[in-house]
Amino acid sequence: MRSIRQSSAPLVDPFGRAISYLRVSVTDRCDFRCVYCMAEDMSFLRRAEVLTLEEIDRLASAFVSLGTRKLRLTGGEPLVRRDIMSLIHSLGRHLRSGALDELTLTTNGSMLFKHAGGLADAGVRRVNVSLDTINPHKFQAITRRGKLAKVIEGIQAAKDAGLAIKINAVALKGVNDDEFHRMVEWCGARGFDLTFIKVMPLGDLGGVSRLDQYIPLTQVRAELATRWTLEDTDHRTGGPARYVRVKETGCRVGFITPLTHNFCEGCNRVRLSCTGTLHLCLGREDAVDLRTPLRMSDDNGLLADAVRAAIRRKPQGHEFTPEHSIAVARHCSATGG
Ligand code: SAM
Ligand code: SF4
């Protein structure tokens, strides 16, 4: 018997924050090797260490029973995991039952051309696509192996399938800092929101230093303000982004600076790795193993107890300081960004 009684109260951490958002990394593997995210020569988990899709479904569904209202699949690259669409279709049942408000994903877009229609059919309404440049040569250099044309084809397929698209761009000194205006223009012309992300010191890049990559987003915003009218909005997602509306395009531009503390008070999320480890904060090592209680019993009681106990351990905020090359050993791809 695998049901958990629908909890009347959401999960609340010791600091009074309701935890209603779960991000699930479905794989640590990826078809790209972005220079700020991974080393060129990355080693990945053995397949035996990774949860099956059925186990991920069971875990995510347990969170839904405990009051999670939003699920985001990420990775690594979620769309490179074999049979991923079967998981997405299966999780779509929680949208249809009303238990879940949103099922979404963060993707590098390389496989969107193939899956956009299936995502829409499963109930996905919006996707975040990571795109740091719209210059094909730079794209190749940043991702080390991606093809911009394929990603743009995927973005178009997602748009045609009726999905709302938000573009995420990591601001990289000396790499895409001459393109910020063009990105705003490009996204604005297509009706996409755009979020700039500051580089985070997560994981070893194998000889590449992030100290050469950082740009303060205050500088990005100041640069954009020289050409665009940026109007403050009160749009919030419970996450670290702060948004402005670009008057000329009507689209939003967000700035994510997860390295400052001021967003932690409103944190509503936890992250599940593809091995079943629950990470309670992106910038801290605090983590709880959920794979053991998951596998110990077919009944979800043990699992629910482990989740509740984990949430009681959620730290108040992260500790890392901005300009480190590596502050947390885990790569962003292991916990799902
Ligand atoms: N592969 C998918 C993608 O790229 O969208 C999903 C996983 S990726 C880890 C999620 C997000 O994290 C992407 O937008 C990526 O640009 C961002 N990211 C990865 N490493 C980062 C880092 N060290 N600092 C800031 N953002 C990072
Ligand atoms: Fe892959 Fe996403 Fe990391 Fe790029 S940012 S290497 S696409 S996981």
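This chain uses plain numbering: 1 for the first residue, then up along the sequence. For ligands, and for the atoms within them, numbers begin at 1 and follow the listed sequence. Bear in mind the structure is a predicted one, so any value in this text is a computation, not a measurement.
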Does this structure show an ion pair linking Asp232 with Arg221, if we count only N-O contacts that are shorter than 4.0 Å? yes
Between the candidates Phe32, Tyr36, Tyr214, which shows the shortest non-hydrogen contact distance to atom 27 (C) of ligand 1? Tyr36
Only heavy atoms of Thr74, strictly under 4.0 Å: list the atoms of ligand 1 that pass. 6 (C), 7 (C)
Counting heavy atoms only, name the option from Ala169, Ser25, Ser130 that's nearest to atom 11 (C) of ligand 1. Ser130
Within-shell test, Met38 vs ligand 1, heavy atom, strictly < 4.0 Å: no
Angle class for the Phe180/Phe196 ring planes (parallel below 30°, perpendicular above 60°, tilted otherwise)? perpendicular
As an exercise, identify every atom of ligand 2 less than 4.0 angstrom from a heavy atom of Cys34. 4 (Fe), 5 (S), 6 (S), 7 (S)
If hydrogens are left out, which of Met200, Glu77, Arg23, Arg72 has an atom nearest to atom 23 (N) of ligand 1, that is, the closest non-hydrogen atom? Met200
Any N or O of Asp132 closer than 3.5 Å to N or O of ligand 1: no
Check this for me, if you would: do Arg17 and Asp13 make a salt bridge, where the nitrogen-to-carboxylate-oxygen distance has to be below 4.0 angstrom? yes
Closer than 4.0 Å to some heavy atom of Gly75 - which atoms of ligand 1 meet that? 7 (C), 9 (C)
Looking only at distance, does Ile197 have an N or O less than 3.5 Å from an N or O of ligand 1? no
With a cutoff of 4.0 Å, is Gly76 in contact with ligand 2, counting heavy atoms of the residue only? yes
I'd like to know if Arg81 and Asp28 make a salt bridge, using a cut-off of under 4.0 Å between side-chain N and carboxylate O. no
Under a 4.0 Å N-O cut-off, is there an ion pair linking Arg227 with Glu248? no
Electrostatic pair Arg69:Asp101 at N-O distance under 4.0 angstrom: yes
Taking non-hydrogen atoms only, is Thr107 closer than 4.0 angstrom to ligand 1 via side chain, backbone, both or neither? backbone
Run the salt-bridge test on Arg245 and Asp193 with the 4.0 Å N-O cut-off and return the result as yes or no. no
Lys/Arg-Asp/Glu bridge criterion (N-O < 4.0 Å) met for Lys150, Glu153: yes
Answer yes or no: is there an ion pair linking Arg182 with Glu185, defined by an N-O contact shorter than 4.0 Å? no
Taking a cutoff of less than 4.0 Å between a non-hydrogen atom of the residue and any ligand atom, is Cys34 in contact with ligand 1? no
So, is Thr106 polar-close to ligand 1, with some N/O to N/O distance under 3.5 Å? no
For atom 1 (Fe) of ligand 2, does an N/O/S atom of Cys30 lie at less than 2.8 Å? yes
Could you list the atoms of ligand 2 found under 4.0 angstrom from a heavy atom of Phe32? 6 (S), 7 (S)
Would you say ligand 1 has an N or O under 3.5 Å from any N or O of Val199? no
Determine, for Lys138 against Glu179, whether the closest basic-nitrogen to carboxylate-oxygen distance falls under 4.0 angstrom. yes
Give the atom numbers and elements of ligand 1 that come within less than 4.0 Å of a heavy atom of Cys37. 19 (C), 20 (N)
May I ask you to decide whether Glu102 forms a salt bridge with Arg72, counting only side-chain N to carboxylate O separations under 4.0 Å? no
